[in-house]
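Worksheet: the structure to be examined is printed underneath.
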Amino acid sequence: MSQTRPASYVRGKRVLVTGAAGSVGAALSERFAELGCSGLILLDHFDHGLLDVAEAISKRHPNLQVVDLLCDVRDRERLASVMERAAPDIVIHCAALKHVHLGERHPGECVLTNLIGVRNAYEAALEAGAERFLLVSTDKAAAPVCVMGATKRLAELYLANVAGDSAMQVKSVRFGNVMASQGSVAPRFAAQIAADGPLQVTHPQMKRFFMSSDEAVGLIVDVLAHDEADTAVASYFMDMGEPMSILELGRKMIAESGRDIAIEFIGLRPGERLEEQLFDEFEMVTESALRGIYRLTPNASSLIGHDDIAELEQMARVMDDAVVRQRVFAKVDGALGRQLSAVG
């Protein structure tokens, strides 16, 4: 990870963050306030969280113009309207459904937020004249086996296809698990320990990549600031070292608590796998000029377009969840040219 995070591209710019009420969105908004943006536009559909973040940042940065926008990224027309009025220079799209097993139960919702929401945000940013657009993606987009990861991969492929000739700089970043973020394993373990257990672990061999909130925010800031000679739309990930054992994390937290807490293995939930990966054989990996950060570009044929998105949107709104899930993975398989996934 680079140690210098230039702020020159932020100063005097209006920055819009979708999903601003989430853990990463809130931390990122605070960082841009510190870097000297001229205006901060916080967009979310979670009213209480949005109000809390906006008020907190306004108190810490009284001279900064902070605007809260209560809006759902799934609402294409309203999002375009509010973004046009906000006129952001930089748009960071953090809004997403992130829970794997919940996404397996509600694949249509995953499509509408994680894929249709990305299309809507990209189009709105482009029409509003934004200079830079960045999608926050996930390591689960690599060789996806869950609907959440599959919709994120499709969103990456969509941007790579439609944004190549755009004057707006478009990138995405893949995150591992962000420590202490909403819904992550560490806060869940902490709550179980506080309740005297048991500590619930899915599988003794489960491992995950972890990054701190500062690392996650730093990755976004660095990637946004960096201009590559190759202007192709790319995804980026940082070197997070070896994946961490979830069981060992739980044992460490128990030891630090000083309590005698039992550990219960509950088994893998739908859409989960023992280990994640950061890239797969359908994309090219190169070192970026940023230390510890790697650049991913999809194979030339691994793209989806407007018609694919429209088809999935229609199905997500009217079809049975099982059909939606099957079509999502069929789109991934078709785009990547791989054999049909055994994920059903």
Side-chain angles (χ1 to χ4, degrees), residues 1-5 19 22-28 30-31 92-94 96 98-100 114 134-146 148-150 152-153 155-156 171-190 201-226 228 234-253 256 268 271-298:
M1 196 77 174
S2 66
Q3 299 303 309
T4 302
R5 300 192 175 116
S23 304
V24 172
L28 183 64
E30 175 65 29
R31 179 66 60 84
I92 303 98
H93 186 61
C94 298
K98 305 178 181 70
H99 296 277
V100 169
N114 293 358
L134 184 139
L135 166 67
V136 176
S137 189
T138 172
D139 56 3
K140 294 171 180 61
V145 298
C146 64
M148 188 274 276
K152 286 285 195 175
R153 181 60 169 272
E156 290 181 13
K171 300 176 180 177
S172 64
V173 295
R174 286 186 185 170
F175 279 6
N177 287 29
V178 180
M179 279 286 196
S181 64
Q182 295 174 14
S184 68
V185 67
R188 182 164 58 84
F189 279 176
V201 178
T202 52
H203 192 284
Q205 296 178 356
M206 175 80 79
K207 294 181 180 180
R208 289 292 181 266
F209 290 105
F210 281 95
M211 59 200 310
S212 69
S213 178
D214 283 345
E215 287 175 327
V217 169
L219 174 61
I220 291 173
V221 171
D222 279 356
V223 168
L224 268 173
H226 183 63
E228 296 271 10
S235 299
Y236 295 79
F237 68 90
M238 62 175 283
D239 183 358
M240 290 178 280
E242 292 299 315
M244 180 185 300
S245 164
I246 300 300
L247 176 58
E248 291 307 311
L249 172 64
R251 286 172 172 166
K252 180 180 179 181
M253 293 180 66
E256 291 174 347
L268 291 177
E272 291 183 327
R273 55 188 171 192
L274 292 180
E275 294 190 37
E276 299 295 349
Q277 59 192 77
L278 295 170
F279 57 91
D280 58 41
E281 67 270 28
F282 299 100
E283 47 200 353
M284 295 169 284
V285 184
T286 56
E287 292 186 11
S288 77
L290 299 166
R291 180 159 55 88
I293 297 178
Y294 296 85
R295 187 173 186 268
L296 298 169
T297 51

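Along the sequence shown, residues carry numbers from 1.
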Salt bridge present between Arg208 and Glu272 (N-O < 4.0 angstrom): no

Listed pairs under 3.5 Å, donor-acceptor, residues 238-245 side chains, sequence neighbours left out:
{"from": "Asp239", "atom 1": "OD1", "to": "Gly241", "atom 2": "N", "distance (Å)": "2.9"}
{"from": "Ser245", "atom 1": "OG", "to": "Leu247", "atom 2": "N", "distance (Å)": "3.4"}
{"from": "Ser245", "atom 1": "OG", "to": "Glu248", "atom 2": "N", "distance (Å)": "3.1"}

Looking at [atom1] of [X] and [atom2] of [Y], how far apart are the two atoms once the value is rounded to the nearest 0.5 Å?
| X | Y | atom1 | atom2 | answer |
| --- | --- | --- | --- | --- |
| Leu28 | Ser23 | CG | OG | 12.0 Å |
| Arg31 | Asp214 | CZ | CG | 5.5 Å |
| Phe175 | Met211 | CZ | CE | 5.0 Å |
| Ile246 | Glu275 | CD1 | CD | 10.5 Å |
| Asp222 | Ile293 | CG | CD1 | 5.0 Å |

Is it the case that over 12 heavy atoms from other parts of the model lie below 6.0 angstrom from the CD atom of Glu256? yes

Please name all residues satisfying side-chain contact (heavy atoms from CB on, under 4.5 Å) with Thr138, sequence neighbours left out, ordered by chain then number. Lys140, Ala141, Met148, Lys152

[X] side chain vs [Y] backbone, donor-acceptor pair below 3.5 Å:
| X | Y | value |
| --- | --- | --- |
| Glu30 | Ala27 | no |
| Ser235 | Leu296 | no |
| Arg174 | Leu278 | yes |

